[in-house]
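Each remark here refers to the structure printed beneath this line.
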Amino acid sequence: MTSFRRALVSGALAFAAASFAVHAHAQGYPNKPITLVVPAAAGGPTDTVARLIAESMGKTLGQSVIVDNTGGAGGTIGMARVARAAPDGYTIAVWHIAQATAPALYPDLKYDVVNDFDSIGRITDVPMTLVSKNALPSKNVTEFFAWLRAEKAKATYGHAGIGSASHLCALMLLKGVGFQVEGVGYRGTGPAMNDLLAGQFDFMCDQTTNTTGHIKDGKIRGYAVTTKSKVSSVPDLPTLDSTVLPGFEVSAWHAMWAPKGLPKEATDKLVAALQAALKDPKVVERFASLGTVPVDPSLAQPAPLKSYLEAEVKRWGEVIKAAGVKGN
Ligand code: ASP
């Protein structure tokens with residue numbers, strides 16, 4: 001064989017080996033554990049949703065999906081980390097409505113909430129609840145607002161950082177009564193709930209995922225839900241809309257994203273595993289007991305999430321601007 005032919009043959013072999021390696025890698029996805037970033041502290045509602053989904057997806061994918069809590073700055077620290085991660089399917093995120101509120105509240109945001117991520121799919125719609133420490137004198141939603149109006153600047157509420165669902169809900173609620181009170185920021189409503197249980201601040205607006213159990217156990221007082229309809233996990237609570245704040249409606253939602261540029265094979269496998277998780281009886285049962293509503297699996301895929309996020313960015317941008325709410 002001439003040296004020219006030898007070079008050609010070895011070049012062709014090298015090319016074949018390289019394409020086989022790429023193909024084998026893609027075929028083999030996932031061949032190591034996947035990190036699922038939760039941009040809020042452990043023990044909160046996003047963490048609860050993410051851990052249930054992660055366990056179920058891990059079974060479908062044949063690899064562990066390990067939750068990594070990276071809380072702080074209303075979730076923007078964790079999502080910045082995901083935006084910068086390699087788009088190989090081994091770093092993904094579960095986050096919520098704050099992905100849509102961040103552009104309006106964080107003018108210095110270092111990533112584009114729509115274009116720096118690949119959408120995997122929507123996961124839940126979650127009603128929120130207005131709750132307080134048991135030591136407050138109010139026993140129902142009307143009494144709570146009377147207390148709040150009398151207390152004004154002396155009242156305190158907890159939240160999970162600027163733009164988080166709990167922050168947004170409290171701001172909208174206070175906008176409704178016409179004054180603001182001091183908020184205490186946490187890395188998530190997991191730790192905030194611990195402080196509410198200990199009576200460190202007065203009230204909070206948080207997802208049913210985090211409040212249902214404590215309301216039922218009588219450890220905190222539930223006053224109302226933030227959706228237009230009542231919620232079956234907390235059937236005694238009226239809506240804010242039908243009581244003290246007509247027209248009030250705020251609810252949270254969760255979804256799954258990956259860094260921009262995910263290979264199609266990884267996207268397809270993650271979508272299939274997410275859809276299977278939403279039908280997993282263990283997930284379905286636990287969500288139901290927490291008042292956490294799974295989306296129809298047809299929405300747990302990239303296109304419906306991308307268009308929903310775009311619409312939510314627009315909607316919340318306008319609401320936040322009209323309400324005069326400021327972030328950092
Ligand atoms: N539920 C929190 C929030 O208020 C975040 C969390 O801890 O999951 O947005």
Side-chain angles (χ1 to χ4, degrees), residues 36-54 67-79 81-82 93-106 113 122-132 156-174 183-197 200-215 220 222 225-227 231 233-234 250-257 286-287 290-293 309 312 316 319-320 325 327-328:
L36 173 57
V37 174
V38 169
T46 309
D47 184 66
T48 301
V49 166
R51 280 177 199 273
L52 275 167
I53 292 289
V67 171
D68 185 329
N69 298 91
T70 309
T76 57
I77 295 174
M79 291 312 280
R81 177 181 156 199
V82 175
V94 166
W95 192 217
H96 69 2
I97 185 173
Q99 182 77 346
T101 61
L105 290 169
Y106 289 85
V113 297
R122 293 178 57 183
I123 305 174
T124 66
D125 283 314
V126 197
M128 301 183 77
T129 45
L130 172 61
V131 297
S132 81
T156 50
Y157 72 93
H159 63 81
I162 288 166
S164 64
S166 48
H167 179 242
L168 197 69
C169 180
L171 289 177
M172 303 306 292
L173 196 141
L174 292 166
V184 189
Y186 291 81
R187 282 179 305 109
T189 47
M193 180 58 78
N194 290 339
D195 274 8
L196 183 66
L197 290 164
Q200 302 285 331
F201 59 83
D202 296 324
F203 71 96
M204 183 155 77
C205 188
D206 197 17
Q207 294 158 51
T208 50
T209 319
N210 208 28
T211 59
T212 297
H214 297 309
I215 294 171
I220 54 175
V225 295
T226 62
T227 39
V231 174
S233 71
V234 280
V250 179
S251 52
W253 49 265
H254 292 99
M256 182 175 282
W257 288 274
R286 188 86 184 104
F287 275 3
L290 296 169
T292 307
V293 185
L309 177 63
E312 284 284 280
W316 284 107
V319 171
I320 289 164
V325 171
N328 65 347

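Computed from a predicted structure; not experimentally measured. In each ligand, atom 1 is the first atom listed, and ligand 1 is the first ligand listed.
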For Asp206, check side-chain hydrogen bond (donor to acceptor under 3.5 Å, both in side chains) against everything at least two apart and list the hits. Thr189, Asn210

For Ser251, give me all partners under side-chain hydrogen bond (donor to acceptor under 3.5 Å, both in side chains), at least two apart in sequence or on another chain. none

Who's touching ligand 1 if we go heavy atoms under 4.0 Å? Ala40, Pro45, Thr46, His96, Ala160, Ser164, Ala165, Ser166, Gly188, Thr189, Asp206, Gln207

Sequence-distant partners of Asp68, salt bridge (charged side-chain N to carboxylate O under 4.0 Å, His left out), two or more places apart: Arg81

When every non-hydrogen atom of Val37 is compared with those of Pro39, the smallest separation belongs to O-CD, 3.8 Å

Verify whether one side chain among Trp257 and Gln99 offers a donor that lies under 3.5 Å from an acceptor in the other. no

Backbone of Thr292 reached by a side-chain donor or acceptor of Thr209 within 3.5 Å: no

